[in-house]
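Read through the structure below, which is laid out as structure tokens, and then see the notes.
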Amino acid sequence: MTTTSIGSGRGAARRRALIGRAAFAGPGLVYVTAFMTVPLLLIATYTVLTRGRFGGVKWEFTLGNFAKALDPTYLSILGNSLLIAGITTVLALLLGYPTAYGISRLPRQWQAVAIVMVVLPFWSNFLIRTYAWIVLLNSEGPINSALVSLGVIGAPLDLLYNRGAVIAGLLYAYLPLVILPVYAAIERVDPQLQEAARNLGASKARTFWDVTLPLTLPGTMIGAIFVFVPSMGNFVVPELLGGGKTVMVGNLIRDQFLEARNWPFGAVLALSVVAFLVLLFALQAMVARRINSAGPRA
Amino acid sequence: MRRVGWLALPLWLTYAFLYLPIVVLVVMSFNASKTPYAWKGFSLQWYRELMSDDLIRQGFINTLIVAVGATVLATALGTLLAIGINRYVHSALVEAYSLAPAIIPDLALAIGLLATFALVGVTLGLHTVLLAHVVFGMAFVAAVVLARLGHQDQSLEEASRDLGAGPISTFWRITVPGLMPAIVAGALLVFTLSLDEFVIAYFTDGPSTPTLPIVIYSMVRFGVTPEINALAALLLLVSFTVVISAQRITKLTDAL
């Protein structure tokens with residue numbers, strides 16, 4: 001670039017844009033790269049390396065870590081995690097979708113309050129929220145003592161330290177993450193489409209199934225991903241509410257890094273969780289594109 | 001006005017489900033009983049014991065150091081990043097990349113950071129937790145500031161430039177004040193997130209400087225003490241106050 005271009009407006013504008021890019025976006029992008037992308041790439045690299053004796057890795061290539069993940073013991077833990085995360089997601093959708101729909105039918109000024117009320121518990125300490133369920137479900141806890149004193153049951157029920165307690169804890173942790181995107185999706189549906197369906201003689205139920213539900217499907221899928229993926233990777237809830245009897249992928253990953261000291265195997269497991277995330281987002285994008293291009297079904 | 005009708009049922013169910021455990025916890029924190037379940041009358045003894053617990057006090061100080069440091073860094077980087085994306089980069093891909101740390105599973109980020117710190121040879125401690133918290137904190141600040149930039153018109157900045165102000169003085173006198181509500185809201189959110197964050201801290205912290213969530217984890221793991229009820233009630237109060245303030249400063253729902 002020569003000195004004469006300083007005067008030209010286009011060259012100056014372009015240079016200003018470059019300086020702006022570097023000065024504003026530069027530091028943040030470098031930071032994300034250094035503290036997210038590099039760590040994730042490192043984990044991806046570790047999947048094909050040999051375990052070090054005291055944690056860490058030896059730089060020798062192997063595919064043994066992937067073979068180990070296919071061992072029946074680990075496959076059953078993966079299956080168990082998929083089942084628990086799946087049930088949690090279905091329950092979250094069954095409760096979250098109607099709730100989001102209900103919120104969207106409230107008067108305007110109440111909608112904002114209702115949404116804040118949904119988000120509020122989510123911003124509080126996650127351990128505390130999980131701990132609350134230990135208190136709630138304990139054999140001497142409020143649920144059991146209420147049922148016993150009402151004469152519904154003779155002796156306290158074992159509500160804690162089983163799969164049901166884990167699902168309750170995960171549902172409690174992630175329910176807000178379904179309600180928000182579904183609510184946003186319902187708000188974006190053009191009410192004229194629903195009115196048109198009604199005017200053309202469709203019943204309320206038919207209008208919902210053929211117009212509202214397909215149009216809100218992409219947002220609903222985002223909500224489902226936001227529950228499913230963190231449920232799979234969660235190791236605190238299975239440990240505190242499952243009493244060590246329910247082991248999920250998250251527990252396995254934690255143990256490989258902090259106890260068993262098999263980092264490469266832990267890396268394979270962690271990468272499988274990230275792979276699920278990417279795969280589900282790709283599926284969501286595909287569905288969203290199809291719905292946007294086709295419009296609502298006739 | 002639209003009718004809620006039978007949809008009131010799931011609404012009530014959801015709010016009962018979300019708030020019942022919290023209410024129980026807060027009520028139990030004032031319980032005189034030693035077992036944290038059965039009610040034996042009103043008492044403040046668990047709050048008193050909490051105040052004299054050195055482990056919890058040190059944990060709280062450690063957490064505060066991390067949260068304040070992470071908030072300052074994340075707010076500065078996140079705000080600049082949002083302005084950079086909105087004004088100069090205009091790329092959906094770069095925007096998604098910047099916001100990705102908020103969506104990546106925390107466990108994957110945690111082990112990745114542990115592996116990176118180990119490879120570089122950094123000793124783990126509060127400084128590594130701080131560095132780790134900045135990466136997702138920055139994404140949250142950028143998201144809130146980007147949402148605000150989305151409905152801000154640029155004519156004031158153009159006017160400032162036309163009247164002869166330089167880019168730096170335009171930035172400080174026009175751009176930053178216009179974005180202030182979003183910047184403050186973003187900072188408050190990072191602060192609560194960092195205050196409560198457990199998984200990443202658990203992997204990137206050193207053994208001699210546990211943050212408060214790590215202290216809570218080890219307490220909860222080995223059984224239930226009524227002291228935790230009192231601590232829980234106080235933490236809930238802090239989180240709720242900060243988030244409601246952030247919500248009042250700017251409409252949080254715009255960013256989500």
Side-chain angles (χ1 to χ4, degrees), chain A residues 17 20-21 24-25 27-29 31-32 35-36 38-40 42-43 46 56 95 98-99 101-103 105-107 112 115-118 120-121 123-129 131-136 138 140-142 145 172 175 180 229-230 233 236 240 250 253 257 263 266 270 273-274 277, chain B residues 1-4 7-8 10-11 13-15 18 21-22 24-25 28 35-38 77-78 80-81 83-85 87-89 97-98 100-101 104-105 107-109 111-116 118-119 131-132 135 138 192 196 198 213 216-217 220 224 228 232 235-236 239-240 243 247 253 256:
Chain A
R21 235 178 261 187
F24 285 99
L29 291 175
Y31 202 96
V32 175
F35 290 94
M36 179 192 76
V38 168
L40 291 180
L42 193 64
I43 289 296
Y46 278 12
L95 187 56
T99 300
Y101 203 85
I103 291 174
R105 290 294 170 273
L106 290 172
I115 284 295
V116 174
M117 292 277 288
V118 165
L120 211 47
W123 286 99
S124 66
N125 191 302
F126 171 71
L127 290 162
I128 295 292
R129 277 183 291 147
Y131 166 79
W133 283 86
I134 302 184
V135 175
L136 209 59
N138 202 281
E140 299 164 52
S145 37
Y172 188 63
L175 180 63
L180 289 179
V229 174
V236 176
L240 296 183
I253 296 171
F257 273 87
W263 288 20
V273 175
V274 177
L277 176 75
Chain B
M1 200 172 84
R2 295 180 287 186
R3 275 177 56 243
V4 182
L7 285 161
L11 272 178
L13 212 61
T14 291
Y15 288 112
L18 287 178
I22 291 176
V24 167
L25 213 55
M28 288 301 181
T35 65
Y37 316 112
L77 285 170
L80 287 176
L81 185 57
I83 296 171
I85 289 170
R87 299 287 154 81
Y88 301 106
V89 181
Y97 182 71
S98 314
I104 290 288
L107 186 55
L109 201 56
I111 60 171
L113 285 163
L114 170 65
T116 308
L119 189 73
L131 288 171
V135 73
M138 185 174 66
T192 30
D196 290 336
F198 167 67
I216 295 173
Y217 178 67
V220 173
V224 178
I228 302 180
L235 284 177
L236 287 168
S239 304
F240 285 11
V243 172
Q247 163 69 23
T253 37
L256 292 164

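All values below come from the heavy atoms of this structure, side chains included, with hydrogens, waters and symmetry mates left out. So that the names make sense, note that chain A is the first sequence line, chain B the second, and so on, each numbered from 1.
- Nearest heavy-atom pair, A:P121 versus A:S124, reported as atom, atom and distance to 0.1 Å: O-OG, 2.7 Å.
- Only the side chain of A:L175 comes within contact range of chain B, judged by heavy atoms closer than 4.5 Å.
- Looking at every heavy atom in both residues, B:L107 comes nearest to A:G233 through CD2-O, 3.4 Å.
- Note on B:G112, B:G84, B:A232: by heavy-atom pairs under 4.5 Å with chain A, the leading option is B:G112.
- Both the backbone and the side chain of B:I111 come within less than 4.5 Å of a heavy atom of chain A.
- The heavy-atom pair separating B:P10 from A:T99 by the smallest distance is O-OG1, 3.4 Å.
- Contacts of B:A118 with chain A are made by side-chain atoms alone, with heavy-atom separations under 4.5 Å and no backbone atom involved.
- Counting heavy-atom pairs under 4.5 Å between each of B:F198, B:Y97, B:Y15, B:Y88 and chain A puts B:Y88 at the top.
- Ranked by non-hydrogen atom pairs under 4.5 Å with chain A, the options B:L18, B:I83, B:T192 are led by B:L18.
- A:V32 places a side-chain heavy atom less than 4.5 Å from the side chain of B:P101.
- Of all heavy-atom pairs between B:P213 and A:N125, the closest is CG-ND2, 4.2 Å.
- Between chain B and the residues A:L29, A:V236, A:V38, the most heavy-atom pairs under 4.5 angstrom are made by A:L29.
- Residue B:L13 holds its CG atom at 9.5 Å from CG of B:L11, rounded to the nearest 0.5 Å.
- The candidate from B:L131, B:L119, B:I216 with the greatest count of non-hydrogen atom pairs under 4.5 Å with chain A is B:L131.
- Residue B:V135 touches chain A through both its backbone and its side chain, counting heavy-atom pairs closer than 4.5 Å.
- Of all the listed residues (A:I43, A:L120, A:L42), the one sharing the greatest number of non-hydrogen pairs under 4.5 Å with chain B is A:L120.
- Summarising the geometry of A:V273 relative to B:P105, their closest heavy-atom pair is CG1-CG, 4.4 Å, with the distance given to 0.1 Å.
- Residue A:P230: no heavy atom, backbone or side chain, is found under 4.5 Å from chain B.
- Residue contact with chain A, scored on non-hydrogen atoms closer than 4.5 Å, involves the side chain of B:L235 exclusively.
- Under the salt bridge (charged side-chain N to carboxylate O under 4.0 Å, His left out) criterion, A:R129 pairs with no residue at all, not counting sequence neighbours.
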